[in-house]
Amino acid sequence: MALQATGNAAAALAAARTEQEDDRALGFWLYLMSDAVIFALLFATYAVMVVRTAGGPDGHALFHLTHTAIETTLLLLSSITFGFAAIAAKAGRREGVLAWLLVTFALGVGFVGMEIAEFHAAVAQGAGPERSGFLSAYFTLVGTHGLHVTMGLVWIGILWVQVLLRGVTPQAASRLYRLSLFWHFLDIVWIGIFSVVYLPGIR
Amino acid sequence: MLGRLTLHALPFYSLIALGGALVTVLAGLAVLGVVAWFGAWRYLWQEWLTSVDHKRIGMMYIIMALVMLLRGFVDAIMMRTQQAVALNSQGYLPPGHFDQVFSSHGTIMIFFVAMPFLTGLINIVVPQQIGARDVAFPFMNSLSLGLTAAGAGLVLISLVLGKFSAAGWTAYPPYSELKFSPGVGVDYWIWAVLISGVGSTLTGINFVVTIVARRAPGMHLMRMPLFTWTAFCTVILMVFAFPALTVASALLGLDRTLGMHFFTNGHGGDMMNYINMFWMWGHPEVYIVVLPSFGVYSEVVATFSGKPLFGYKSVVFATMAIALLSFMVWLHHFFTMGASANVNAFFGITTMIIAVPTGVKIFNWLLTMYRGRIRMVAAMYWTVGFIVTFTIGGMTGVLLAIAPVDYLMHNTTFLVAHFHNMLIGGALFGYFAGYQYWFPKATGFRLDETWGKRAFWAWFVGFYLAFMPLYVLGFMGMPRRLERYYVPSWQPLLLVAELGALTILTGIICQIIQLVVSVRNRAALRDTTGDPWDGRTLEWMTASPPAAYNFAVLPHVHGVDELALRKESGSHMNPPGIYHDLEPCRDIVVPNNTGAGPLIGALAFGLGFAMVWYIWWLAILAGLGIWGLLVMRSFDDNDLHVIPAAEVERTETGRLSAAAR
């Protein structure tokens, strides 16, 4: 009845890591779908509230096509540059990853900066989120997206440091993969915001 | 410095509230005292709080659920007593306090009893049932527990500092808006629900991946045991339904804290948006709560009838149908709130349709027992009691699904009776059956049967005494949530309901005695085989309690009732009665314990508390702390360790020889 023991600790660890990374990719997809439900509900809320301006300004008064166009360009470009970072990671080129992440980061900062400027301008002319149901919904929908981008920026920073210190390890590569999912997901959400919030709102 | 928190937050406004606060504080101190007395700080921290072992996390969830059940039950008996005496008088509770009591009762029972209880059962059972060594994300599991505990902590502390919400467990605006509920109560509700809701979403993600990716070789989807199937549907619902609660409560929080206008009166707010989103979560939540119980009944009834579950496939498809339909019925919670007749008809019909797959299951369980060799153990008592009780609740549900009837019955005690019929007779009985059934698996010894059956009878009789009168009172037009009344003919029935609550109290006392007696007699109740009930599924192949890695050798699965199949074929029995794959032991990788989960939970509690009281510096600090811990965690690439093959062999040989004795 003796149970014979055989073992290879290093191989067992490596196999467990691979399994872990595969599971994390699946789990992250699920998180994104769950997050998509949050955005779907915020979109729905916005769609209901868009006419509820309570005598305050509506989209025509607040949105500017040029501003939004530049913002959109920055974010979409950052998705392309993230793609380059992913290609570099696949090839194991540490410098390429670091450089492209930096460009992506800069574009993301530009996007968030422009959004803050837009919010600031709106608040300055008395159109803050407490003015009307429409503005509450607008600030919350766009702001939630902006908050996600900001968290993505923090995440890029963390990964940048990890890649700098440790190189493109399997763990870093798998984190980079999930971060890229996150970043592209935010792009898709932004296209929704662009189409639902800004396009109908601009004269 | 402390925001709105001043000495006025202490509950000197009422003796009863003060008493509640003192009991809470003393109970907390007593727990700390016991830990200090035994010098068990290190043990508690290293073996339990920082554990990422799914069995231990599951046990901690269930302990939390049982403690909160006591708290929620105190609320219940306070309400019953108030209504028993408050004819033509104020009773013993002032109106504001009564409102807090029913709000906290509902909040606690749903979020901090039902959710942790079912999450605990899923944690303990599912990985073992699918032949896995762990969940997919052990650290995230510990984090979910921490966040749920943080939410429970916020509800508990609201008894001591400030008042809890008086806006009902649903917190409907506009009443829950700042204008009408200016205190901290609704904020406590929002933050407790938000934080624990994030925990539930993470649990959902964790177990979807676990069930999809970690099944033992040979276990196709259609070979998964029924509890795993119901858990699978439940966790999918968690992933997709909880975001709706997150959005609804977060927007309410934005209204209250930042002065926005999502649900306010005026400025373009619309309360119906809240109510729609709340029930887009709320109705799937009903099935999140009850589906795992259906799974428990399916396991229990098959095991103790000595037969495979009748119509396995039909139960699986019924479960999936329920999960899908649960997203299409939410409007039946507010038929009277302005939807057109056609919309009401649509949701009424979908609601009635959902009764069909549920009815299918009732027949499955009955036909499993038919011609089985039935052993009437305590777990079976809960199951049979459920079948009878749940059927009654289902019929009153179909009645309420008819919109014109609902116009008459909504907001009466008929509704209260109906959903307690489903939640006690449906969900809670199932958790208790599961508690009784899997207790030996988690702890290594069985629960006392006699006290278990006594507890069942008290709960069963108590339930009928407490809630059948409420059906009648509903027909007589008594509104729910009434803190006083002037109709003498209601009082006799309310006295019967009070008697029922006291009978249920007897049941709870029986359960406490059962636990004490079982712990004391644990040597006699010891389960050395790992299979105390002659079980049919994989979790009965591990030791009781299982080793950290569950299975020394991952089993190969050939059918739904894998263990029963093996028993029939007589394979893997060495020594007799023990089922073990006699393959060489190998190195097994398990995750390291980590304090990050409980620490983030503690910081989330701090964050919620700070947001409730407007202590902004603390909120910022706690938020940064959470981020910091997550970043630190992401730099930790050595989160696994290896149990060497020799040690696995020692453990397994020890287990086999102990069982052979």
Side-chain angles (χ1 to χ4, degrees), chain A residues 1-13 15-17 19-20 22-24 26-28 30-31 33-42 44-45 48-49 51-56 128-137 139-140 154-155 158-159 161-162 165-166 169 171-172 175, chain B residues 136-137 140 201-202 204-206 208-210 212-214 239-244 246-248 250-251 254-255 258-262 264 266-270 273 277 280 552 574-575 580 582-589 627 631 634-635 637 640-642 644-646 648-649 652-653 656-657:
Chain A
M1 198 201 62
L3 304 169
Q4 257 186 324
T6 66
N8 179 347
L13 265 177
R17 288 238 182 275
E19 193 182 15
Q20 208 179 35
D22 289 349
D23 289 354
R24 283 178 180 171
L26 178 58
F28 201 77
L30 279 167
Y31 155 70
M33 284 194 262
S34 183
D35 216 15
V37 176
I38 288 187
F39 277 110
L41 290 169
L42 291 178
T45 307
V48 175
M49 302 297 259
V51 290
R52 296 172 169 268
T53 50
E130 70 291 337
R131 175 65 190 85
S132 68
F134 157 67
L135 284 164
S136 301
F139 273 95
T140 305
V154 175
W155 195 0
I158 293 165
L159 259 186
V161 174
Q162 283 186 0
L165 296 178
R166 297 175 185 172
T169 59
Q171 282 104 323
R175 282 176 192 142
Chain B
F137 311 116
M140 202 163 88
T201 310
L202 296 181
I205 292 172
N206 206 342
V208 172
V209 177
T210 303
V212 168
R214 293 286 173 110
V239 173
F240 291 101
F242 265 87
T246 305
V247 172
L251 298 190
L254 287 174
D255 272 5
L258 297 183
M260 294 198 191
H261 293 286
F262 284 105
T264 51
H267 286 89
D270 185 349
N273 289 342
M277 284 193 283
M280 277 177 204
N574 191 2
H580 206 285
L582 293 180
E583 282 178 37
C585 294
R586 294 174 191 283
D587 290 330
I588 293 178
V589 180
W627 265 100
V631 171
S634 86
F635 273 86
D637 282 342
L640 302 172
H641 70 273
V642 175
V648 175
E649 187 194 335
E652 294 300 307
T653 315
L656 295 186
S657 57

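Below, chain A is the first sequence line, B the second, and so on; all start at residue 1. A quick note: this is a predicted structure, and the numbers were derived from the prediction, not measured.
- The shortest non-hydrogen separation linking A/S34 to B/T201 is OG-CG2, 3.4 Å.
- Note on B/H641, B/M277, B/M140, B/M280: by heavy-atom pairs under 4.5 Å with chain A, the leading option is B/M277.
- Nearest heavy atoms, A/L41 versus B/A244: CD1-CA, 3.3 Å.
- Using a 4.5 Å cut-off between heavy atoms, A/F134 does not touch chain B at all.
- Separating the CG atom in B/L251 from the CG atom in A/L42 is a distance of 6.0 Å, to the nearest 0.5 Å.
- In this structure, CG in B/L202 is found 11.5 Å from CG in A/L30, a value given to the nearest 0.5 Å.
- Of the listed residues (B/G266, B/G204, B/G259), the greatest number of heavy-atom pairs within a distance under 4.5 Å of chain A belongs to B/G259.
- Nearest heavy atom pair, residue A/P129 against residue B/M260, reads CB-CE, 3.6 Å.
- With A/R166 contributing its side chain and B/F635 its backbone, the two residues share a donor-acceptor pair below 3.5 Å.
- To the nearest 0.5 Å, atom OG1 of residue A/T140 and atom CG of residue B/L258 are 8.5 Å apart.
- Side-chain contact between B/R214 and A/D23 is present, with at least one heavy-atom pair separated by less than 4.5 Å.
- Across every non-hydrogen atom of B/D587 and A/A9, the tightest pair is OD2-N, 2.8 Å.
- Side-chain N or O atoms of A/R175 include one that pairs as donor or acceptor with a backbone N or O of B/S634 at under 3.5 Å.
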Audit row: A/M33, B/V239, side chain to side chain contact (heavy atoms under 4.5 Å, CB included) steps and yes/no: CA-CA 8 Å; A/M33 284 194 262; B/V239 173; 5.5 Å; no

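- Atom-to-atom distance recorded for B/N273:CG and A/M49:CE is 6.0 Å, nearest 0.5 angstrom.
- Using a 4.5 Å cut-off between heavy atoms, A/V51 does not touch chain B at all.
- Under the 3.5 Å distance criterion, the side-chain polar atoms of B/H267 are left unmatched by any main-chain donor or acceptor of A/S132.
- Nearest approach of A/I158 to B/V631, heavy atoms of both residues: CD1-CG2, 3.3 Å.
- In this structure, chain A has a heavy atom under 4.5 Å from the side chain of B/F137, while its backbone stays farther away.
- Both the backbone and the side chain of B/V209 come within contact range of chain A, each with at least one heavy atom under 4.5 Å from a heavy atom of that chain.
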